Amino acid sequence: MTERVTRRPARRRLTDTLLAALAPVAVCGLALGGLSTWTAYGNAGSPARIEVTDGKVFLPSVGVPETAAFFRVTNSGGSADRLLKVTTAEAGAGSPRLSRHLMTGTGSASAQTVASVAVPAGESLDMSPNGLDVILPAKSGWQSGDLVAFTLHFEHGGAVKTLAVVVRPAQDTA
């Protein structure tokens with residue numbers, strides 16, 4: 001009779017041990033499966049891949065010292081990046097700056113200079129007159145249809161050169 005009593009606790013101990021080991025093994029299996037899927041779709045550790053398109057510069061109004069430029073920035077990579085600054089040698093005296101336009105409670109808008117802008121992985125950043133844009137010194141002599149060379153500087157993606165076409169402010173900027 002003593003043998004039966006001693007075997008049952010040993011069998012129960014073995015079952016409890018196996019069940020306790022099964023939980024971490026199952027969790028590791030799920031994690032490995034998720035990481036394998038993430039890697040298979042090309043997202044594991046892939047750097048930011050930045051493309052800049054749809055560049056436009058508003059034709060400056062007579063007597064107005066500044067104008068605005070807009071771009072579409074697409075990050076098709078697996079890591080986020082940041083737009084740090086925009087440069088051009090083709091504008092008037094001074095440096096371009098990133099700006100965000102915000103609506104105030106009175107129905108008017110205010111512009112706020114921003115130091116940098118996030119470009120999340122797998123997303124696009126569309127600049128517009130109602131949101132983010134680049135404020136730059138206007139250059140006299142620009143005409144509708146002219147091309148202006150810009151360089152957008154990113155934290156991880158480096159410098160990306162692009163062209164922007166000069167357009168009248170009434171034209172579509174999106």
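Given the structure is predicted, the values throughout are model-derived calculations rather than measurements.
For the side-chain hydrogen bond (donor to acceptor under 3.5 Å, both in side chains) test, no residue two or more places apart in sequence or in another chain qualifies with His156.
Looking at His101 and Asn130, their side chains never bring a donor and an acceptor atom within 3.5 Å of each other. Side-chain contact of Ser116 with Arg82: a donor-acceptor pair under 3.5 Å is present, judged by distance alone.
Here the side chain of Ser99 pairs no donor or acceptor atom with the backbone of Val134 at under 3.5 angstrom. A donor-acceptor pair is defined here as one N or O able to donate and one able to accept, closer than 3.5 Å; no such pair exists between the side chain of Thr151 and the backbone of Thr87. Of the possible polar contacts, one joining the Glu90 side chain to the Ala149 backbone as a donor-acceptor pair under 3.5 Å is found. With hydrogens and angles disregarded, no donor-acceptor distance shorter than 3.5 Å links the side chain of Ser124 to the backbone of Thr74. Panel note: side chain Asn75, backbone Glu123; no donor-acceptor pair is recorded below 3.5 Å. In this structure, Asp81 contributes its side chain and Glu155 its backbone to a donor-acceptor pair below 3.5 Å.
Heavy atoms only, all atoms of each residue included: Ala80 and Ala48 are closest at O-CB, 4.3 Å. Minimum heavy-atom separation, Lys139 to Ala91: CB-C, 4.1 Å. Across Ala164 and Val57, no two heavy atoms sit closer than the pair CB-CG2, 3.7 Å. The minimum heavy-atom distance between Gly141 and Asp146, with the atom names listed, is O-OD2, 3.9 Å. In plain terms, the two heavy atoms of Ala121 and Gly77 that are nearest each other are CB-O, 3.5 Å. When all heavy atoms of Leu136 and Pro96 are compared, the pair lying nearest together is CB-CB, 4.0 Å.
Using a 4.5 Å heavy-atom threshold, the side chains of Val148 and Val166 count as touching. Taking the side chain as every heavy atom from C-beta outward, Thr53 and Thr162 never approach each other to under 4.5 Å. Residues Glu66 and Arg97 form a side-chain contact, since some pair of their non-hydrogen atoms from C-beta on lies under 4.5 Å apart.
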Check the pair Met127, Leu83 against side chain to side chain contact (heavy atoms under 4.5 Å, CB included), reporting the backbone distance first and the verdict last. CA-CA 12 Å; Met127 295 183 184; Leu83 174 59; 3.6 Å; yes

Criterion side chain to side chain contact (heavy atoms under 4.5 Å, CB included) on Phe154 and Val73, from CA distance to verdict: CA-CA 11 Å; Phe154 295 89; Val73 179; 3.7 Å; yes

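Atom CZ of Arg100 sits about 8.5 Å away from atom CD of Gln112, to the nearest 0.5 Å. Between the CZ atom in Phe71 and the CG atom in Asp133 there is a gap of 10.5 Å [rounded to 0.5 Å].
Follow the hydrophobic side-chain contacts under 4.5 Å out from Val117 and you reach Phe70 in the same cluster. Clustering ILVMFWY residues whenever any of their side-chain heavy atoms sit less than 4.5 angstrom apart, transitively, puts Val167 in the very cluster that holds Trp142. Linking ILVMFWY side-chain heavy atoms closer than 4.5 Å, directly or via other members, places Ile135 and Val114 in two distinct hydrophobic clusters. There is a path of hydrophobic side-chain contacts, each under 4.5 Å, that joins Leu163 to Leu152.
Checked against Phe150 for a side chain to side chain contact (heavy atoms under 4.5 Å, CB included), the options Val86, Val52, Val160 give a single hit: Val86.
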